[in-house]
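Accompanying notes for the structure given below.
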Protein chains: 2
Amino acid sequence: MTAAHVHHPDLTRNQSLVYDVLNGSDAPLSAYSILDALRGEGFRAPLQVYRALEKLRAYGLVHRLESLNAFVACSHPDCAGHETAGFAICEKCGKVSEFAEERIAAPIRDWAKREGFVLAGSMIELRGLCRDCREG
Amino acid sequence: MTAAHVHHPDLTRNQSLVYDVLNGSDAPLSAYSILDALRGEGFRAPLQVYRALEKLRAYGLVHRLESLNAFVACSHPDCAGHETAGFAICEKCGKVSEFAEERIAAPIRDWAKREGFVLAGSMIELRGLCRDCREG
DNA sequence: TCGGGATGTGTTATGACATAACATAACGAA
DNA sequence: TTCGTTATGTTATGTCATAACACATCCCGA
Ligand SMILES: [Zn+2]
Ligand SMILES: [Zn+2]
Ligand SMILES: [Zn+2]
Ligand SMILES: [Zn+2]
């Protein structure tokens, strides 16, 4: 970890290490993969990873992909804003594209309003082939 | 199991038992909960449940809720049609409402088309409070 | 400066979810 | 009948996540 690259005002050492691993990966990582990547830094137990992930998610720096049981760094400059992010997961190469489209979020909010459902959060995950892979 | 109540042309005994348990529940069930519910019918191992669930999902009779690691019976008469179903999960009472809104599905297809992403499936899960619970 | 709560950390053990691998049985078409 | 396909049973293992407890650190107010 280079001290010059600070990701968030209040990241602890463990949080920063976990974030760096995720940010340096071009595919989602499971908590145990992160653990293995950080054994050299002294990590020994899953909870060290899960606790850091919990904070990073609260800060909006990391997202969990429910359909993969895996985690990704947010691809937006300041993620805390976008409530209704979505993810397109390529089933061939494993890469994930994060999007935050008002055209998708708005009709979901509308549906919730019509149904009287108090929306607290949403999960949108698409499966398929990314542009690079569909041709190959 | 009453032989009079047939759910699908080709359901085997195990598949039918699993479906009945899910269909009779008003909240999602984990595979292990289903297993426990069917021990009286001779079920002894998780694979008996998972294999039935796999087929039922392929038939469109059952959905998996990724954010809960749980399963629900499809609430639509003939589910096989709706590609982009969504689920609203109440965090208080646990009930799930399934919806299939073209107004939500269409902008997702549009996004995929613009991005060159070949859409194979989508998962939409909303968290919050259902109408009944938000007042209580 | 001395608490004392809040937060972060380390460690062990356990719980919850899902599948691999192999053997056997049932079924239907050639 | 014979053979491929599908379903099933069983044991063991793999993967993901948290409970419970102890200790350290930090900050702030008495
Ligand atoms: Zn984000
Ligand atoms: Zn790809
Ligand atoms: Zn359905
Ligand atoms: Zn409710």
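Order of the sequence lines sets the chain letters (A, B, ...), proteins ahead of strands, with each chain counted from 1. Worth knowing before you read on, the calculation uses all heavy atoms, side chains too, and leaves out hydrogens, waters and symmetry mates. Just so it is clear, the model here is predicted, and its values are computed rather than measured.
Of the candidates D:dA17, C:dC17, C:dT12, the closest approach to any side-chain atom of A:Ala45 belongs to C:dT12. If you check C:dC17, D:dT18, D:dC16 against the side chain of A:Pro46, the one that comes closest is D:dT18. Side-chain proximity of A:Leu47 to D:dT10, C:dT12, D:dC16: nearest is C:dT12. Candidate nucleotides D:dA7, D:dC16, D:dT11 were compared by shortest atom distance to the side chain of B:Lys55, and D:dA7 ranks first. With D:dA7, D:dT10, D:dC16 as the candidates, the nucleotide lying closest to the side chain of A:Asn69 is D:dC16.
To the nearest 0.5 Å, the span separating CG on B:Leu35 from CZ on B:Arg39 amounts to 4.0 Å.
Taking only side-chain nitrogens and oxygens, B:Gln48 never comes nearer than 4.0 Å to OP1 or OP2 of D:dT8. The phosphate of D:dC16 has neither OP1 nor OP2 within less than 4.0 Å of any side-chain N or O from A:Arg64. Under 4.0 angstrom from either OP1 or OP2 of C:dC17 there lies no side-chain N or O belonging to B:Tyr32. B:Thr12 has a side-chain polar atom (N or O) that falls below the 4.0 Å cut-off from OP1 or OP2 of D:dT8.
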Show me the donor-acceptor pairs within less than 3.5 Å that the side chains of residues 107-122 of chain B make with the rest of the protein, sequence neighbours left out.
unit_1: B:Arg109; atom_1: NH2; unit_2: B:Glu102; atom_2: OE2; d: 2.4
unit_1: B:Arg114; atom_1: NH2; unit_2: A:Glu101; atom_2: OE1; d: 3.0

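In terms of heavy-atom proximity, B:Ala88 sits nearest to B:Phe99 at N-CE2, 4.0 Å.
For A:Phe71 and A:His63, the ring centers are positioned 6.0 Å apart or more.
With A:Gln48 contributing its side chain and A:Ala45 its backbone, the two residues share a donor-acceptor pair below 3.5 Å.
Here the C1' atom of nucleotide D:dT6 and the CZ atom of B:Arg13 are 18 Å apart, to the nearest Å. As rounded to whole Å, 9 Å separates atom P of D:dA17 from atom CD of A:Glu66. With rounding to whole Å, B:Glu54 atom CD is found 13 Å from C:dA20 atom C1'. Taking atom CG of A:Leu65 as the reference point, atom P of D:dT15 lies 19 Å away to the nearest angstrom. Whole-Å rounding puts the A:Leu53 CG to D:dT18 C1' distance at 14 Å. To the nearest angstrom, C1' of D:dT8 lies 16 Å from CD of B:Glu41. If you measure from atom OH of B:Tyr50 to atom P of D:dT15, you get 15 Å, rounded to the nearest angstrom. With rounding to whole Å, B:Leu29 atom CG is found 15 Å from C:dA16 atom C1'.
Under 4.0 Å is where a charged nitrogen must lie from a carboxylate oxygen, and between A:Glu66 and A:Arg64 at least one such pair does.
Within the 4.5 Å cutoff, the side chain of B:Cys130 has no heavy atoms near those of the B:Lys95 side chain. Side-chain contact between A:Arg127 and B:Met123: present, with at least one pair of heavy atoms (C-beta onward) separated by less than 4.5 Å.
Remark: the B:Arg51 side chain and the D:dG9 base include a donor-acceptor N/O pair separated by less than 3.5 Å.
Axis angle between the ends of the helix from C:dT1-D:dA30 to C:dA30-D:dT1, five pairs each and rounded to 10 degrees, works out to 20°.
Mapped onto DNA chain C by nearest heavy atom, B:Leu68 and A:Asn14 fall at different nucleotides, with A:Asn14 at the one closer to the 5' end.
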